[in-house]
Amino acid sequence: MDTLKKMSTICAISTPYGSGGIAVIRISGKSAIAIVDSIFHAKKTLSEAAPYTVHYGEITQGNEQEILDQVLVSVFRAPHSFTGEDVVEIACHGSMYIQQTLLQWLVDAGCRLAQAGEFTQRAFLNGKMDLTEAEAVADLIAAQTKAEKDLALAQLRGGISNELAILRERLLTFTSLIELELDFADHEELEFADRTQLNYLAEEINTTISTLVASFKTGNAIKQGIPVAIIGAPNVGKSTLLNALLGEERAIVSDIQGTTRDTVEDTLVLGGMLFRFIDTAGMRQTDDTIESLGIERSRQAAQRATVIIHLQDATQPVNILSQIEDIQDKTVIHIYNKVDLIPGFVADENSIGISAKHGEVEAIKQQLVTLAAEQYDTRNAVTISNTRHYEALVRALEAIKRVQDGLQMQISGEFLSMDLQDCLAALGEITGHITSQEVLNNIFSKFCIGK
């Protein structure tokens, strides 16, 4: 965003598009209060209003004083506002005509329409939040589950920022001392940065960054959904189970073997966590080319999944887990279906007996909820869920490993300084201390207009 655009006063509808009970139009910038004053009429002008106050009045324009709407106007003064600028929010009735006309009148009075994410971008540029907190705003708006909401809120409150600020502060101290050594390169006996202490610091930072990098698996699962593959031999009831879990006819059910020839996916929220269920083709030996492709996709889906529901027909159990590679790091839930056909059937302690046809799937849902609570608890740890953060942390980890290797090889301070600077730069990219305009434009272009 160029300087001219940054200094202009912007406006946008901040509530969802369409008609509703009310709509909120947000205005931010140096002239926000004066511009709204030109079309808002109440007992006193907004320029006389105290900050954090709400005022009732009418929106009018022109000599004829046409009344557009009766509204409530909230006033926030710089620098104590969301954007750090003067901000006015107009709550009007949710008529599309009123919203669009009010926007046009604001533009006529000197505003310009805001770009996507521009209010939050101004908050970042004005130092009201760092880049991780700004991105958390978008995540909070997009959150569809309690787990996503909790994760975004923790980031908005500075969870990641605080963790990285400590790392950066300690790294900056040692980098400064090494730079000081380089300034006195003619005095080789001078060592301002204790190498033993630097080694301890590098080890601690390695541990901290490694933990953050590892947390991305959890954070990504919370945002994208825990992938659960339903696998088994043909006709064990995989599609019936998917439909029972979702409570709708999502997959085609048939007694004909090979009906499911491709993976079918859908999502379900259980215990505040998003699960992504994948119904797969039944695994068997077949000469059918199309069915073989479906079976291969089933294997791939199982390998990508975090959780595998291994479904067997209780009347004719067939274990197909041996056909799946790299299964040792996955959680497998063993299910016997069609137990209604076997009176008195009792599942062993490591499995669950169900009748998917009759919708008896609560035990499976409860086990998935328990699994999520045990493996995806983020309450006491900083969790990374943003791919940009993850990639930057990986680069920071590589840099600090080079510092550790350099210390062991006793390389010169000049090379240590370069690696420390690389680590600092990678961490700085996450919070926005070091960020190009191109990166900023890419991040904020994904926001909704009005936020």
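Worth saying up front: this structure is predicted, and the values here are computed from it rather than measured.
Judged purely by atom type and a 3.5 angstrom limit, Gln121 has no side-chain atom pairing as donor or acceptor with the backbone of Gly117. Using modelled atom types, one side-chain atom of Asp348 and one backbone atom of Asn350 make a donor-acceptor pair closer than 3.5 Å. Judged by distance alone, with hydrogens and angles left aside, the side-chain atoms of Ser215 form a donor-acceptor pair with the main-chain N or O of Leu212 at under 3.5 Å. Here the side chain of Glu133 pairs a donor or acceptor atom with the backbone of Asp130 at under 3.5 angstrom. At distances below 3.5 Å, at least one donor-acceptor pair connects side-chain atoms of Gln155 with backbone N or O atoms of Thr132. Of the possible polar contacts, none joining the Lys365 side chain to the Leu270 backbone as a donor-acceptor pair under 3.5 Å is found. Using a distance-only test at 3.5 Å, with no hydrogens or angles considered, no donor-acceptor pair links the side chain of Asp266 to the main chain of Leu246. The main-chain N or O of Ala399 is never found under 3.5 Å from a side-chain atom of Asp419 such that the two would form a donor-acceptor pair. The backbone N or O of Val236 sits less than 3.5 Å from a side-chain atom of Asn337, completing a donor-acceptor pair. Gln99 contributes a side-chain N or O that, together with a main-chain N or O of Gly18, makes up a donor-acceptor pair within less than 3.5 Å.
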Ile222 and Met273: CA distance, side-chain angles, deciding distance, side-chain contact (heavy atoms from CB on, under 4.5 Å) verdict = CA-CA 7 Å; Ile222 289 174; Met273 188 77 180; 3.4 Å; yes
When you look at Phe119 and Val137, which way does the side-chain contact (heavy atoms from CB on, under 4.5 Å) test go after all the steps?
-> CA-CA 11 Å; Phe119 290 97; Val137 172; over 6 Å; no
Start with the C-alpha gap between Asp139 and Lys223, add the side-chain angles, then the distance that decides, and say whether side-chain contact (heavy atoms from CB on, under 4.5 Å) holds.
-> CA-CA 9 Å; Asp139 288 342; Lys223 288 184 71 173; 3.4 Å; yes
side-chain contact (heavy atoms from CB on, under 4.5 Å) assessment of Glu89 paired with Phe76 = CA-CA 8 Å; Glu89 292 184 352; Phe76 308 88; 4.2 Å; yes
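Among all heavy-atom pairs drawn from Phe124 and Thr431, the shortest one is CE1-O, 4.0 Å. The heavy-atom pair separating Ala50 from Arg77 by the smallest distance is C-NE, 4.5 Å. In terms of heavy-atom proximity, Gly232 sits nearest to Lys238 at N-CD, 3.5 Å. A pairwise comparison of heavy atoms in Arg26 and Val87 identifies CG-CG1, 4.2 Å as the closest pair. In this structure, Ser8 and Arg112 approach most closely via the heavy-atom pair OG-NE, 2.9 Å. Residue Ala109 comes nearest to Ser38 through the heavy atom pair CB-OG, 3.7 Å, listed as atom of the first residue, atom of the second, then distance.
Taking a 6.0 Å sphere around NZ of Lys128, one finds it holds more than 12 heavy atoms contributed by other residues, nucleotides or ligands. In the displayed structure, Glu203 atom CD is contacted under 6.0 Å by at most 12 heavy atoms of other residues, nucleotides or ligands. Counting heavy atoms of neighbouring residues, nucleotides and ligands inside a 6.0 Å radius, atom OH of Tyr52 exceeds 12 of them. More than 12 heavy atoms of other residues, nucleotides or ligands lie within 6.0 Å of NE2 in His55, so this atom counts as buried by the packing criterion. In Glu169, the CD atom is not crowded: 12 or fewer heavy atoms of neighbouring residues, nucleotides or ligands sit closer than 6.0 Å.
Taken to the nearest 0.5 Å, the CD1 atom of Ile352 stands 6.0 Å off from the CD1 atom of Ile364. For the atom pair Leu164 CG and Leu424 CG, the distance stands at 11.0 Å (nearest 0.5 Å). Between the CG atom of Asp279 and the CD atom of Glu265 there is a distance of 10.0 Å, given to the nearest 0.5 Å. Note: Leu151 CG to Leu140 CG = 10.5 Å, rounded to the nearest 0.5 Å. With values rounded to the nearest 0.5 angstrom, Ile141 atom CD1 is found 4.5 Å from Cys448 atom SG. In this structure, Arg388 CZ and Leu131 CG are separated by 4.5 Å, a value rounded to the nearest 0.5 Å.
In this structure, Leu125 and Thr83 have side chains that are not in contact, with every pair of non-hydrogen atoms separated by 4.5 Å or more. Side-chain atoms of Lys30 and Asp86, non-hydrogen and from C-beta on, never get closer than 4.5 Å to each other. Side-chain contact between Phe277 and Leu245 is present, with at least one heavy-atom pair separated by less than 4.5 Å. Side-chain contact between Leu241 and Ile354 is present, with at least one heavy-atom pair separated by less than 4.5 Å. Looking only at side-chain heavy atoms (C-beta outward), Val332 and Ile309 stay at 4.5 Å or farther from each other. Cys423 places a side-chain heavy atom less than 4.5 Å from the side chain of Leu171. Leu274 has its side chain out of reach of Gln144: every pair of non-hydrogen atoms, C-beta onward, lies at least 4.5 Å apart. Between Ile59 and Phe40, the closest side-chain pair of non-hydrogen atoms falls below 4.5 Å.
By the ring-ring contact (aromatic ring centres under 6.0 Å, His included) test, Tyr390 is found to be paired with Phe216, residues two or more places apart in sequence or in another chain being considered. The side chain to side chain contact (heavy atoms under 4.5 Å, CB included) search around Leu103 returns Cys11, Ile13, Ile25, Gln100, Leu113, not counting sequence neighbours. Not counting sequence neighbours, the partners of His310 by the ring-ring contact (aromatic ring centres under 6.0 Å, His included) test are His334.
Checking Thr218 against Thr383 by side-chain atom types alone, no donor-acceptor pair falls below 3.5 Å. Of the N and O atoms on the side chains of Glu85 and Ser28, at least one donor lies less than 3.5 Å from an acceptor on the other residue. Of the N and O atoms on the side chains of Gln404 and Asn206, at least one donor lies less than 3.5 Å from an acceptor on the other residue. Counted by atom type alone, Asp108 and Gln104 present one or more donor-acceptor pairs between their side chains at under 3.5 Å.
Of the charged side-chain nitrogens involved, at least one lies within less than 4.0 Å of a carboxylate oxygen, so that Glu118 and Arg122 count as a salt-bridged pair. Using a 4.0 Å cut-off between charged side-chain N and carboxylate O, Asp150 and Lys146 make a salt bridge.
With respect to Asp422, the salt bridge (charged side-chain N to carboxylate O under 4.0 Å, His left out) criterion is satisfied by exactly one of Arg395, Arg402, Lys401: Arg402.
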